[in-house]
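Order of the sequence lines fixes the chain letters, A, B, ..., with proteins taken first and strands second; residue numbering starts at 1 for each chain. Computed from a predicted structure; not experimentally measured.
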Number of protein chains: 4
Amino acid sequence: MPQPPGHGPGYETKRWEIVDLAAGLFARKGYAATGINEIGEAAGLSKGALYYYIGSKENLLVEIQGRVMLPLLGTARRITALDADPLLRLRLLSESLLSMIMRRLEYIWVYEHDYRQLGEENRLRLKQQRDEFEAIVTGLLEEAMELGLFRPMDARLAMLQFLNLHNHTYQWVRPGGAWDARLLAREYCATLFAGFATGGTAGGGSIGGLEERVLAFLEAHPELVLDPSDDLSGAAA
Amino acid sequence: MPQPPGHGPGYETKRWEIVDLAAGLFARKGYAATGINEIGEAAGLSKGALYYYIGSKENLLVEIQGRVMLPLLGTARRITALDADPLLRLRLLSESLLSMIMRRLEYIWVYEHDYRQLGEENRLRLKQQRDEFEAIVTGLLEEAMELGLFRPMDARLAMLQFLNLHNHTYQWVRPGGAWDARLLAREYCATLFAGFATGGTAGGGSIGGLEERVLAFLEAHPELVLDPSDDLSGAAA
Amino acid sequence: MPQPPGHGPGYETKRWEIVDLAAGLFARKGYAATGINEIGEAAGLSKGALYYYIGSKENLLVEIQGRVMLPLLGTARRITALDADPLLRLRLLSESLLSMIMRRLEYIWVYEHDYRQLGEENRLRLKQQRDEFEAIVTGLLEEAMELGLFRPMDARLAMLQFLNLHNHTYQWVRPGGAWDARLLAREYCATLFAGFATGGTAGGGSIGGLEERVLAFLEAHPELVLDPSDDLSGAAA
Amino acid sequence: MPQPPGHGPGYETKRWEIVDLAAGLFARKGYAATGINEIGEAAGLSKGALYYYIGSKENLLVEIQGRVMLPLLGTARRITALDADPLLRLRLLSESLLSMIMRRLEYIWVYEHDYRQLGEENRLRLKQQRDEFEAIVTGLLEEAMELGLFRPMDARLAMLQFLNLHNHTYQWVRPGGAWDARLLAREYCATLFAGFATGGTAGGGSIGGLEERVLAFLEAHPELVLDPSDDLSGAAA
DNA sequence: AATGAATGAGGTTTCATTCAT
DNA sequence: GATGAATGAAACCTCATTCAT
């Protein structure tokens with residue numbers, strides 16, 4: 001803990017405000033491109049006073065990451081421990097995650113974007129927490145497979161699909177817009193659960209034979225995907 | 001009359017190498033956190049010589065963005081113009097996109113991460129190209145709905161799901177690992193196509209009644225998602 | 001509530017010293033040829049501390065221009081408003097201008113030499129102030145003509161003669177030398193007032209017929225002024 | 001001479017063009033603020049080729065100074081040697097000088113502005129030439145005094161008035177405007193010759209008693225010229 | 001609890017010049 | 001005669017951080 005001992009009563013409040021403010025600035029311009037000066041100006045504090053509260057620039061980043069990761073992990077732990085079927089729990093996790101994304105969008109921007117700017121120690125700790133979160137999701141998906149609610153599949157890949165779908169949302173979502181966390185959770189889970197339940201690659205149904213047609217098509221038109229022998233210089237041409 | 005001064009034959013080659021190198025550094029550390037010095041050292045060039053090739057740091061960013069966006073857009077245009085059913089074209093687009101992500105992962109990192117560091121003009125141009133790409137995806141999804149291959153749904157939300165699933169992949173994928181672009185495209189499309197074809201929110205099937213149970217559950221355990229009245233200060237407690 | 005961050009009491013004093021110092025360096029070497037490093041060394045400040053005071057190099061130039069132009073314009077306004085005949089006011093203006101030149105010679109060097117290095121905005125503002133100064137001089141000269149103290153003449157050309165005579169003085173004057181501002185003002189005004197009162201081009205008196213003789217002479221010896229058809233290459237020969 | 005031996009026939013021509021071009025650029029932006037790159041671009045030459053012709057940046061400056069000073073001095077020598085009265089010769093010198101200013105305005109800008117950027121050796125040589133020019137003017141003025149055409153006065157101060165009036169003209173004159181060299185020479189000489197002939201400080205005539213009134217006025221209103229005890233900090237107030 | 005001042009390293013970019021080809 | 005490429009120093013400026021008061 002960087003702060004010296006013996007802070008007054010307003011210390012934590014002010015510190016909180018500054019972190020909040022920094023989250024907004026970091027979200028907009030990126031951590032590395034935001035100066036301590038800007039934060040000080042936004043907070044109406046001289047640099048000396050600012051450092052009294054924050055200790056260092058990286059501390060701000062650490063704090064922001066924590067304010068995303070800790071509640072997220074806490075909720076995930078609580079949800080996974082519920083006595084309910086895995087689909088319900090995944091659906092609750094989905095809403096919880098999207099709710100965090102929409103309610104703390106600026107924190108999420110920083111969390112998703114700038115975690116690589118953390119020092120080694122902090123980065124490792126964050127990584128462990130992320131791993132735990134991923135493990136929780138994976139566990140729920142495996143439960144659903146074991147119950148036959150989902151077809152057998154690579155659980156890790158399923159987890160990554162789940163997280164891709166949710167975690168990229170911050171890039172375009174507008175809190176206060178037409179779509180709230182509940183709606184998005186409903187839609188995402190509808191897609192995923194149906195997708196994970198039926199079909200699959202071998203699948204029949206309406207998309208039967210799709211993969212065979214893809215192969216045939218690509219054999220005829222290899223230029224439709226990037227040529228694997230492309231040395232990248234083709235882009236300029 | 002002598003030809004006006006310009007650049008020699010090796011210029012573009014060297015320039016290419018430098019951009020490639022910069023993409024790697026930017027991907028690892030972020031654009032703003034990467035210094036011109038590092039690029040120069042990596043390229044074995046003095047700062048002066050480096051600027052002879054790059055003009056400015058932002059030029060590097062622009063070039064990187066272009067080397068992602070332009071081939072991507074070109075392929076998307078060619079695919080959407082194909083005489084094939086929309087599912088096949090979406091599947092081809094998926095593989096093409098994932099192929100780009102895997103083959104130019106460092107470029108993609110920069111493309112996804114640092115587009116906001118572009119100057120206004122360049123950022124606008126890039127935005128238009130991204131919009132066109134999104135419009136192509138949306139169009140294919142709408143075709144599939146009209147043919148009854150997908151249930152009726154918000155096409156824009158469907159497009160965003162499609163792109164979330166694909167575009168977040170760069171965060172964890174390892175080229176040369178067990179999963180190649182084709183496999184991922186197959187899995188992603190399997191999920192999406194099945195999800196978009198059946199069920200949906202109102203849905204029956206195996207997840208019938210899920211939403212009702214969610215509501216009941218959340219009423220009993222409101223702490224399972226972030227409390228909407230949370231002023232964020234709860235996270236620290 | 002603490003006062004918002006700002007500058008301490010010694011700030012303006014130090015800033016003043018730095019500007020003064022910069023004026024000396026700019027005067028000696030020219031604005032563009034003087035580096036920020038030199039100023040920092042002269043001031044005994046690191047570059048960071050220097051910028052704490054100056055903001056930018058151009059700010060120094062702006063400040064220097066202002067410290068010449070503003071008092072000059074203020075004095076000119078006060079003088080022109082006096083209830084006294086125009087010759088007296090011109091004579092006062094002359095001494096005031098020369099006094100400024102001699103007492104702030106280094107500022108004047110920069111003012112006369114480097115105003116073109118100002119950014120567009122600052123250059124325009126300065127231009128307006130210079131125009132006002134010129135208008136004041138022109139007005140006084142016109143008053144003198146209307147009173148019959150000066151012969152009728154092009155007032156603008158008279159103003160330019162007045163200013164040529166004064167403003168070029170900085171190039172050779174040595175403060176502390178034999179000539180002070182009062183002496184120079186007396187001499188310049190004696191020359192100008194007598195010159196503007198009598199004679200003129202058509203003139204009789206001692207220089208009667210001079211122009212006719214000039215024409216005759218130049219017809220006989222056209223090489224005495226630069227040949228108008230000279231393509232400049234003759235100088236090298 | 002910086003150029004290596006054995007140049008082709010076009011060498012001098014091209015060199016001439018480049019110097020001319022550089023004079024234009026230097027005049028507009030100042031010597032120090034103009035880059036070699038700009039000159040190369042303007043000339044359509046690569047930097048290597050440019051250096052083949054110019055040797056160094058300072059060489060350009062030396063050349064420009066020479067193209068002003070040498071013809072000026074040559075003409076002045078020829079004029080002063082004429083068998084004609086000193087007023088006529090001064091009048092011819094005036095027109096010759098103004099003709100140079102108007103016909104080579106860009107050279108004059110550089111000549112007047114940037115002579116201090118010359119290296120020591122070149123600056124000294126130029127100084128000697130300027131001194132000779134001043135001596136010629138001083139000599140003519142002394143002749144006029146001896147003949148009784150001018151009142152007795154400080155010849156050096158008279159010379160400086162003559163040169164102030166002429167040499168500052170480049171700051172505002174527009175070649176091709178309403179005033180040509182002849183007109184300006186006529187006006188300047190009319191002013192100077194009348195001013196130098198009559199009156200003077202002790203003078204009677206129309207401005208009798210002016211200096212006494214000035215002294216009285218300044219005693220009553222000392223703020224009308226810069227306060228000699230002004231420590232410069234008054235300007236900010 | 002907070003301030004203004006200072007630091008020193010580093011940021012991106014431009015400079016005049018050289019030289020092998 | 002002329003080129004493109006390279007250099008290394010220097011340009012102006014901003015950085016995160018510290019500290020006496």
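Checking E:dT18, E:dT12, F:dT17 against every side-chain atom of D:Y51, the shortest atom distance belongs to E:dT18.
Counting only N and O atoms by type, the side chains of B:D20 and B:Y107 include a donor and acceptor under 3.5 Å apart. Side-chain contact check for B:N122 and B:Q65: no donor-acceptor pair (N or O, by modelled atom type) lies under 3.5 Å.
B:R15 and B:E63 get closest at one heavy-atom pair: NH2-OE1, 2.7 Å.
Of the inter-residue distances, the one linking A:E121 atom CD with A:E58 atom CD reads 9.0 Å to the nearest 0.5 angstrom. In this structure, CG in A:L118 is found 8.5 Å from CZ in A:R125, a value given to the nearest 0.5 Å. One distance of note links CG of D:D114 with CG of D:L60; it measures 12.0 Å at 0.5 Å rounding. With values rounded to the nearest 0.5 angstrom, D:L61 atom CG is found 6.0 Å from D:I64 atom CD1.
In the region residues 111-125 of chain C, proximity to DNA chain F at under 4.0 angstrom, judged on heavy atoms, holds for none of the residues. Listed in residue order, the members of residues 29-39 of chain B having a heavy atom less than 4.0 Å from DNA chain E are B:T34, B:G35, B:I36, B:N37.
A cation-pi arrangement is not found for B:R104 relative to B:W109, the charged atom failing to lie both closer than 6.0 Å to the ring centre and inside a 45° cone about the ring normal. A:R67 forms a cation-pi arrangement with A:W16, by the criterion of a distance under 6.0 Å to the ring centre and an angle within 45° of the ring axis.
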Pairs: protein N or O with nucleotides 6-8 of chain F N or O, under 3.5 Å:
{"unit_1": "F:dA6", "atom_1": "OP2", "unit_2": "B:Y53", "atom_2": "OH", "d": "2.5"}
{"unit_1": "F:dT7", "atom_1": "OP2", "unit_2": "B:S46", "atom_2": "N", "d": "3.2"}
{"unit_1": "F:dT7", "atom_1": "OP2", "unit_2": "B:S46", "atom_2": "OG", "d": "3.0"}

For DNA chain F, produce a single dot-bracket line, 5' to 3'. Pairs: Watson-Crick or G-U wobble, both distances under 3.5 Å. Symbols: ( ) within strand, [ ] crossing, | other strand, . unpaired.
.||||||||||||||||||||

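Aromatic ring orientation, C:H113 versus D:H113: parallel (interplanar angle below 30°, classes split at 30° and 60°).
Distance CD1 (A:I54) to C1' (F:dT18): 13 Å, rounded to an integer number of Å. Following rounding to the nearest Å, C:K57 (NZ) and F:dT14 (P) show an atom-to-atom distance of 14 Å.
Not counting sequence neighbours, C:Y31 has no partner by the side chain to side chain donor-acceptor pair (under 3.5 Å) test.
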Can you give each donor-acceptor pair under 3.5 Å made by side-chain atoms of residues 41-48 of chain C, sequence neighbours left out, with the distance rounded to 0.1 Å?
{"unit_1": "C:S46", "atom_1": "OG", "unit_2": "C:A49", "atom_2": "N", "d": "3.3"}

Assess whether ring pair (Phe, Tyr, Trp, His ring centres under 6.0 Å) is satisfied between C:Y53 and C:H7, documenting all intermediate values.
CA-CA 10 Å; C:Y53 289 104; C:H7 293 303; 7.8 Å; no

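Both B:E58 and C:G8 sit near DNA chain E, but only C:G8 has its closest nucleotide nearer the 5' end.
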